[in-house]
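Okay, so here's the structure we're looking at.
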Amino acid sequence: DSNDLREIDVLAKYEQQSKSNILREILALGIQDKRLEIAIERFQKKEFSAWQAARFALIPLTQFLDITQERRIEFHYTAKELQEDVADLL
């Protein structure tokens, strides 16, 4: 929409970059955010362990744990998940 195009123009001028570079950055950030949201959703549904969610989101486990704490997401971690995560490390 035209508001998005104006916003891209503003960002390109502010960053002194081409519109195509700005769009690539926006797309990369959007993909990264989407991966994180999917990881959190799967973690909340207990489909991912914390380690699996962090790997899916392409972030360190410590960062994922910080995000879950900031968002006040209930933390679950069973002995079975620990065993699976340790096995994945080996």
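All heavy atoms count here, side chains included; hydrogens, waters and symmetry mates do not. For clarity, every value in this text was computed on a predicted model and none was experimentally measured.
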Q: Please confirm whether the backbone N or O of Ile38 pairs with a side-chain atom of Arg42, one donor and one acceptor, at under 3.5 Å?
A: no
Q. Hey, does the side chain of Glu15 reach the backbone of Ala12 with a donor-acceptor pair shorter than 3.5 angstrom?
A. no
(Q) Taking the basic N atoms (NZ, or NE/NH1/NH2) and the acidic carboxylate oxygens, is any pair closer than 4.0 Å for Arg71 and Glu37? (A) yes
To the nearest 0.5 Å, what is the distance between [atom1] ([X]) and [atom2] ([Y])?
{"X": "Ile31", "Y": "Leu36", "atom1": "CD1", "atom2": "CG", "result": "14.0 Å"}
{"X": "Ser20", "Y": "Leu27", "atom1": "OG", "atom2": "CG", "result": "12.5 Å"}
{"X": "Leu11", "Y": "Leu23", "atom1": "CG", "atom2": "CG", "result": "9.5 Å"}
{"X": "Gln16", "Y": "Asn21", "atom1": "CD", "atom2": "CG", "result": "13.0 Å"}
{"X": "Ile22", "Y": "Lys13", "atom1": "CD1", "atom2": "NZ", "result": "12.5 Å"}

Q: Check Ala39 against Ala53 and note the closest heavy-atom contact, atom names and distance.
A: CB-O, 3.3 Å
Would you say that [X] contacts [Y] through its side chain, given a criterion of any heavy-atom pair below 4.5 Å between the two side chains?
{"X": "Leu58", "Y": "Gln32", "answer": "no"}
{"X": "Glu25", "Y": "Gln17", "answer": "yes"}
{"X": "Asn3", "Y": "Arg6", "answer": "yes"}
{"X": "Ile59", "Y": "Ile67", "answer": "yes"}

Q: Look at the rings of Phe48 and Phe56 and say which category their plane angle falls in: under 30° parallel, 30 to 60° tilted, over 60° perpendicular.
A: tilted
**Q.** Single-linkage hydrophobic cluster, 4.5 Å side-chain cutoff, Ile73 and Phe64 together
**A.** yes
